[in-house]
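First comes the structure, then the notes that go with it.
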Amino acid sequence: MRILDTLTVTEKNVDTSNAVRIYLCGVTVYDESHIGHARTIIVFDTLRRYLESNGIKVNLVQNFTDVDDKIINRANKENTSAEEISTRYITNYFNDFDKLNVKRADSYPKATEHITEMINLIQGLIDKGFAYTAKNGVYFSVLKFKEYGKLSKKKIEELIVGARVEVDETKNEPVDFALWKFADDSPIWESPWGKGRPGWHIECSAMSLKYLGSNFEIHGGGRDLIFPHHENEIAQSESFSGINFAKIWMHVGMVTINGEKMSKSLGNTKSIDFVLNKWGPNIVRLFCLSGHYSKPIDYSEDLLKETITKWRQVENCYFELALADNFISESEELEKIKEMVRESKIEFDNALDSDFNTPLALSAFFKLVKSVNQLASSEKLMRSISDTILPTFHQMLSILGLSVIQVNEDEKNKISNLIEQRNMLRNQKKFQEADVIRKQISDMNIILIDHKNKTLWMKQEKIGIEN
RNA sequence: GGUGAGGUGGCAGAGUGGCUAUGCGUUCGCCUGCAAAGCGAAUCUAUAGGGGUUCAAAUCCCUUCCUCACCUCCA
């Protein structure tokens, strides 16, 4: 599998000979997560699902930033503690992402639980001459790290000239960034240099080193983290370890709305709670994977509505496969189907192997869906054919993290009985009474499909906008 | 201003030198008691403008225009 590396701007092979170690920059827990966060996390969730489906072990570490000025501000505003705020939004995070069918990462380290590791790292940087103590804190000396700017392709001189923030005169250079910030009010920790809090970037250097070592396979996050966050992480980590930090940097494009970036500061975010209520998890996942991960994707109601149609086809396909009749089919036909399924999976895999091209993989998936619906429509979808297709269909669904609504046995029996009653009435041409039963069934979110010789049913996921 | 990514049919979105991507939409049809869903056919040979290289370019080169992102916290 090849992934485009932001640092070298080349496609690099992912080393899968051992467990693939992935560090994903997660969220700062001061508010609800939104669809932008969801995209990044769904991309990485799908990536890990794909690798795992090929029998490759993955060690996915995703941090929570739970010490930050925004958290403290919010706590002050609500007259509570920073801890209360971060705990609340971590709970909120898991609630949202469980619903989005995102598999739990292998660990979710928190900044506040790794203060010691950060202090050790900062001390190491001071000892090696890369960091210094000043009036307001401990800073990283950017000029000491010769390769600074290599990830974001920025020149240090230009950063110094173009510094837009008010320059803190106590630093040696305006570009130097804080590793430790002195503070007197909670939350604060003791350190060899004085009470205070860690800077933003140091947590990821410390925690990735602790959990994944100093040269792991993939470091990921949103594109907006390239500068300064990931640039600074590289500076810290490589100055400390003396070796390359991550082998591949993988960055996910922004979610825009009306062509503009969705962000808290612009106030145009769509929370995950909102999109889940409106569209449901499958539509949201399909939407997030419908464009190449590296490019921006625009959130528009029309596009999401389109996605509902696509999802209905998948549901239709699923129930056709699940409820196919037990006819005996010709073996010649079966061989053709086997070949079709095999090619479909190869197309799907090739797309993902080639810089995780999910839109291309989705097109392979929808081709398979279409083929099934064609077979069903021409009354050729026998049990044996369904059984040939089902494993691959399920595998693709599982990689994409999609799940068709499940129906229990009681419900199945009830549906079968009602269908039988209705068909009896239909045979007697008592259509009004038959329609009453159909209505009764549709109230259970079951759609009936009248084929020539039998009536098929499917359970549809309820999608908020349709109500 | 600097840096980076882009501009593909009504829409979304692949393709990075030659072969119909794919999907949605729209119209008509099949199926049905009527629907729904599904299927079929039609629409759609598109590649920001201009130059160039080539037997051949959406794909390479030059140029113009436009969009977005990052340069400040941000997934």
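Values in this document were obtained by computation on a predicted structure and should not be read as measured data. So that the names make sense, note that chain A is the first sequence line, chain B the second, and so on, each numbered from 1.
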With C1' as the reference atom in both, quote the distance from B/U16 to B/G40 in angstrom, rounded to an integer. 34 Å
Each nucleotide N or O in nucleotides 1-4 of chain B that has a protein N or O under 3.5 Å away: list the pair and distance.
unit_1	atom_1	unit_2	atom_2	d
B/G2	O2'	A/Glu158	OE1	2.8
B/G2	N2	A/Lys154	NZ	3.4
B/U3	O2'	A/Lys153	O	3.4

Check: A/Phe245 ring centroid to A/His230 ring centroid under 6.0 Å: no
Quantified in whole Å, what is the C1' atom distance between nucleotide B/G25 and nucleotide B/C44? 11 Å
Interatomic distance at C1', B/G38 relative to B/C60, whole Å: 45 Å
Closest nucleotide among B/C73, B/A37, B/G33 to the A/Pro228 side chain: B/C73
Start at the 5' end of RNA chain B and walk down; is the nucleotide closest to A/Gly259 or to A/Leu303 reached first? A/Leu303
Closer than 4.0 Å, any side-chain N/O of A/Lys261 to the OP1 or OP2 of B/C70? yes
At a heavy-atom distance below 4.0 Å, what parts of residues 344-361 of chain A sit against RNA chain B? A/Asn357, A/Pro359, A/Leu360
Return the nearest nucleotide to the side chain of A/Asp450; candidates are B/G25, B/A35, B/C73. B/A35
Is it the case that the ring center of A/Tyr211 lies less than 6.0 angstrom away from the ring center of A/Tyr23? no
For a quick check of understanding: with a heavy-atom distance under 4.0 Å over all strands, which category does A/Thr256 fall into, base, sugar-phosphate or nothing? nothing
Only one of A/Ile415, A/Ile447, A/Val407 passes side-chain contact (heavy atoms from CB on, under 4.5 Å) with A/Lys459; say which it is. A/Val407
Is a donor from one side chain sitting under 3.5 angstrom from an acceptor on the other, for A/Tyr30 and A/Asn73? no
Name the residue closer to the 5' end of RNA chain B, choosing between A/Thr309 and A/Phe227 according to the nucleotide with the nearest heavy atom. A/Thr309
What is the separation between atom NE2 on A/His292 and atom P on B/A12, rounded to the nearest whole Å? 18 Å
Note: contacts of residues 28-37 of chain A with RNA chain B (heavy atom, under 4.0 Å) are A/Thr28, A/His34, A/Gly36, A/His37
Please assess A/Arg285 against A/Asn282 for the test side-chain hydrogen bond (donor to acceptor under 3.5 Å, both in side chains), listing each intermediate value before the final yes or no. CA-CA 5 Å; A/Arg285 284 192 74 111; A/Asn282 292 305; over 6 Å; no
What integer number of Å spans the C1' atoms of B/G33 and B/U45? 43 Å
Could you pull out every donor-acceptor pair under 3.5 Å between side chains of residues 351-361 of chain A and any protein atom, sequence neighbours left out?
unit_1	atom_1	unit_2	atom_2	d
A/Asp353	OD1	A/Tyr50	OH	2.9
A/Asp355	OD1	A/Leu4	N	2.9
A/Asp355	OD1	A/Tyr293	OH	2.6
A/Asn357	OD1	A/Leu360	N	3.2
A/Thr358	OG1	A/Leu289	O	2.8

Check against salt bridge (charged side-chain N to carboxylate O under 4.0 Å, His left out), A/Lys12 and A/Asp5: CA-CA 6 Å; A/Lys12 281 186 165 178; A/Asp5 173 35; 3.4 Å; yes
Kindly say whether, by distance alone, the side chain of A/Asp435 makes a donor-acceptor pair under 3.5 Å with the base of B/A35? no
Residues A/Asn258 and A/Asp298: side-chain donor-acceptor under 3.5 angstrom: no
Applying ring pair (Phe, Tyr, Trp, His ring centres under 6.0 Å), can you list everything that pairs with A/Tyr93, at least two apart in sequence or on another chain? A/Phe64, A/Phe97
So if I take every side-chain heavy atom of A/Ile447 and compare against B/G23, B/G33, B/A36, which nucleotide ends up nearest? B/A36
Quick one: is B/A14 close enough that its OP1 or OP2 comes under 4.0 Å of any side-chain N or O from A/Lys295? yes
B/A35 base to A/Arg438 side chain: any donor-acceptor pair below 3.5 Å? yes
Using atom C1' of each nucleotide, how far apart are B/U32 and B/C39 to the nearest Å? 13 Å
Check every strand shown and say whether A/Val252 touches a base, only sugar-phosphate, or nothing at a heavy-atom separation below 4.0 Å. nothing
Within less than 4.0 Å of OP1 or OP2 of B/C24, is there a side-chain N or O belonging to A/Gln313? yes
Polar-atom pairs under 3.5 Å, protein N or O versus N or O of nucleotides 40-45 of chain B: list them with distances, or write none.
unit_1	atom_1	unit_2	atom_2	d
B/G40	OP1	A/Gln374	NE2	2.2

Would you classify A/Gly220 as touching base, sugar-phosphate or nothing, given that sugar-phosphate means primed atoms plus P, OP1 and OP2, and contacts are heavy atoms under 4.0 Å? nothing
Which part of the nucleic acid, if any, lies within contact of A/Leu456, taking any heavy atom under 4.0 Å across all strands shown: a base, the sugar-phosphate backbone alone, or nothing? nothing
Out of B/C70, B/G33, B/C73, which nucleotide sits closest to the side chain of A/Asp224? B/C70
Under 4.0 Å between any heavy atoms, over every strand shown, what does A/Ser363 touch: base, sugar-phosphate, or nothing? Just pick one. base
